[in-house]
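The next block holds one structure in the form of structure tokens; read it before the comments.
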Amino acid sequence: METLKRIFRDHPSPASGAGDEAYGLVVAAAECSAATTACADACLAEEEVSRLRDCIRSCLDCADLCAVTGRLLARPGKQDADTLRAQLTACENACRACAELCAHHDGMAHCIACAEVCRRCADACRRMRAAVVG
């Protein structure tokens with residue numbers, strides 16, 4: 001991710017001075033997308049998979065929203081502020097919902113780890129939304 005940090009720093013026309021927040025969210029969203037995908041896969045391997053349907057769905061929804069959010073933030077040039085805020089809100093909400101569901105599975109280490117990464121990503125979304133200009 002050092003290359004991305006360099007591109008953010010050297011961008012000829014960044015939309016704002018919120019490059020650190022944007023970079024932090026791109027990293028958090030990438031980790032969250034991968035972790036929630038892996039958690040859904042681990043849930044599928046559990047004995048009582050049918051009781052994990054909501055968790056699996058939430059993990060997969062969160063993974064997709066994080067992937068899109070990370071791609072949007074990897075473009076530090078000017079973007080529509082309202083659209084970006086809406087995406088950040090959607091991602092934050094998905095991360096919080098996934099964290100909540102996974103936290104209920106305290107006997108499953110993969111769900112506990114997933115809940116932690118989802119909370120970090122939700123916090124990064126909140127910080128970025130506060131930094132959006134426009």
Side-chain angles (χ1 to χ4, degrees):
M1 290 280 191
E2 284 301 312
T3 300
L4 181 61
K5 189 179 269 190
R6 209 169 63 232
I7 291 170
F8 273 35
R9 184 191 64 229
D10 297 338
H11 193 283
S13 184
S16 73
D20 289 341
E21 290 87 351
Y23 177 77
L25 179 53
V26 169
V27 172
E31 181 181 25
C32 194
S33 182
T36 51
T37 299
C39 187
D41 187 67
C43 285
L44 287 169
E46 293 288 346
E47 286 296 318
E48 297 181 36
V49 70
S50 64
R51 72 180 181 92
L52 298 171
R53 275 191 194 110
D54 291 342
C55 186
I56 294 165
R57 162 109 24 213
S58 182
C59 282
L60 295 175
D61 289 349
C62 186
D64 289 344
L65 281 162
C66 287
V68 170
T69 302
R71 283 195 306 272
L72 286 173
L73 269 293
R75 298 186 288 234
K78 183 159 176 51
Q79 297 182 33
D80 180 73
D82 291 337
T83 300
L84 189 54
R85 278 191 205 96
Q87 181 65 32
L88 292 166
T89 298
C91 188
E92 180 181 1
N93 291 343
C95 287
R96 292 210 189 280
C98 189
E100 178 74 21
L101 280 170
C102 280
H104 290 310
H105 305 137
D106 57 358
M108 297 178 195
H110 57 85
C111 278
I112 298 308
C114 186
E116 291 169 6
V117 76
C118 285
R119 286 186 200 106
R120 285 194 303 271
C121 190
D123 290 343
C125 285
R126 181 189 44 76
R127 285 190 301 275
M128 186 64 226
R129 194 175 54 248
V132 171
V133 176

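- The line from CZ of Arg53 to CG of Leu101 is 14.5 Å long, rounded to the nearest 0.5 Å.
- Residue pairs meeting the salt bridge (charged side-chain N to carboxylate O under 4.0 Å, His left out) criterion with at least one partner in residues 22-47, sequence neighbours excluded, are Glu31-Arg120.
- For Asp106, the side-chain hydrogen bond (donor to acceptor under 3.5 Å, both in side chains) criterion is met by no residue, not counting sequence neighbours.
- For Ser50, there are no side-chain hydrogen bond (donor to acceptor under 3.5 Å, both in side chains) partners at least two apart in sequence or on another chain.
- Residue pairs meeting the salt bridge (charged side-chain N to carboxylate O under 4.0 Å, His left out) criterion with at least one member in residues 64-73: none, sequence neighbours excluded.
- Every side-chain hydrogen bond (donor to acceptor under 3.5 Å, both in side chains) that Thr69 has, sequence neighbours left out, goes to Gln87.
- Applying the under-4.5 Å side-chain rule to Ile, Leu, Val, Met, Phe, Trp and Tyr, the cluster around Leu52 extends to Leu44, Val49, Ile56, Leu60, Met108.
- Residues passing the salt bridge (Lys or Arg N to Asp or Glu O under 4.0 Å) test with Asp20, sequence neighbours excluded: none.
- There is no path of hydrophobic side-chain contacts, each under 4.5 Å, that joins Leu65 to Leu84.
- When atom types are taken as modelled, the side chain of Thr36 and the backbone of Ser33 share a donor-acceptor pair closer than 3.5 angstrom.
- The side-chain hydrogen bond (donor to acceptor under 3.5 Å, both in side chains) search around Asp123 returns Arg96, not counting sequence neighbours.
- Listed by chain and number, the residues in a side-chain contact (heavy atoms from CB on, under 4.5 Å) with Ala38 amount to none (sequence neighbours excluded).
- Taking hydrophobic clusters as Ile, Leu, Val, Met, Phe, Trp and Tyr residues chained together by side-chain heavy-atom distances below 4.5 Å, Val68 does not share a cluster with Val117.
- Considering every non-hydrogen atom in both Ala40 and Cys59, the closest pair reads CB-CB, 3.9 Å.
- Residues satisfying the salt bridge (Lys or Arg N to Asp or Glu O under 4.0 Å) criterion with Arg51, sequence neighbours excluded, are Glu48.
- In this structure, Glu100 CD and Cys118 SG are separated by 11.5 Å, a value rounded to the nearest 0.5 Å.
- Shown here for Glu92 and Ala122, the closest heavy-atom pair between the two residues is CG-O, 3.7 Å.
- Ile7 contributes atom CD1, which lies 13.5 Å from atom CZ of Arg75 (distance to the nearest 0.5 angstrom).
- Partners of Asp82 by salt bridge (Lys or Arg N to Asp or Glu O under 4.0 Å), not counting sequence neighbours, listed by chain and number: Arg85.
- Of all heavy-atom pairs spanning Ala29 and Cys121, the tightest one is CA-SG, 3.7 Å.
- When the side-chain contact (heavy atoms from CB on, under 4.5 Å) test is applied to Ala124, the partners found at least two apart in sequence or on another chain are Leu25, Ala28, Arg127.
- One finds the CG atom of Leu72 at 9.0 Å from the OG1 atom of Thr83 (value rounded to the nearest 0.5 Å).
- How far CD of Glu21 is from CZ of Arg129: 13.5 Å, rounded to the nearest 0.5 Å.
- To the nearest 0.5 Å, atom OH of residue Tyr23 and atom CD of residue Glu2 are 5.0 Å apart.
- The two residues Cys111 and His105 come nearest to each other via the heavy atoms SG-ND1, 3.5 Å.
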